[in-house]
J.: 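Here you go, one structure.
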Amino acid sequence: MHILIVEDEVPVARQIVSALIEAGHNPKAVYDGEAALNEVRKTAFDLIVLDIGLPRLDGFQVLRRVRAQDLAGRVLLLTARSAVDDRVTGFQLGADDYLPKPFAMRELVARVRALGRRYPEQSLMSLNLGDLTLDLDTYDVRRGAERIDLSPRELAILKVLLREPGRVFTRTELCERVWEHAHEYDTKLVEVFICRLRRKIGDPPVIHTVRHVGYTARGACATP
Ligand code: CA
């Protein structure tokens, strides 16, 4: 698995990297919260091993943004042994598992392996709807053989919609998933991006308006 380790204690991060390489994974370490967010925006990771106490952005802030923007698969939190509140908060924010510190490396490797087994269907290579394909590795979007050029925001909106075809997203929900800071968005902007996306994707339409609610992605051949 492609794994991001976010841990500011460099010796601990290095030990985790070695243990995971030895277990056949492909890990990368960063040492603060902002670096973690930059990394997950650039690359699709199967799992993030996330410490809570971090410089710049703490683990909870990282987790909140990762989940809001639908950026990574699974998250394993590293918590203090006695911090029940931390674990509860972590699960509420969408962590998949936690490991109390200090831990034995072989326990970490075992948890990582278990998380890999638990959600095999999440290691998707692409999102497809009818003849529309979004490659999650290269972010290449195609309709049939034809490549469609999208801006990062258009791509982010399309990704949210294609992950759950048929689900209706309100404008606010789309904003929260796609924009990092609440003050940066305006739900009217979503309409602008949806309009451009529709024009670029072409006919038959894939993104449908659900009156007074929001938007949904549905293929021409998908069953209602
Ligand atoms: Ca720490």
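As the structure lists them, so they are numbered: ligands from 1, and atoms in each ligand from 1. Fair warning: this is a prediction, and the values are worked out from it, not measured in the lab.
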J.: What I'd like to find out is whether the side chain of I3 reaches to under 4.5 Å of the side chain of I16, using heavy atoms alone.
T.: no
J.: Quick one: list whatever passes ring pair (Phe, Tyr, Trp, His ring centres under 6.0 Å) with F193, sequence neighbours left out.
T.: W179
J.: Using a distance threshold of 3.0 Å, state whether an N, O or S atom of G53 lies below it from the Ca ion (ligand 1).
T.: yes
J.: Using a cut-off of strictly less than 3.0 Å, determine whether D8 has an N/O/S atom near the Ca ion (ligand 1).
T.: yes
J.: Looking at F91, is R87 sitting on its ring face, NZ or CZ under 6.0 Å from the six-membered ring centre and within 45 degrees of the normal?
T.: no
J.: So that I can check it, does any N, O or S atom in D51 come closer than 3.0 Å to the Ca ion (ligand 1)?
T.: yes
J.: May I have all residue pairs that pass salt bridge (charged side-chain N to carboxylate O under 4.0 Å, His left out) and include part of residues 24-33, sequence neighbours excluded?
T.: K28-E39, D32-R56
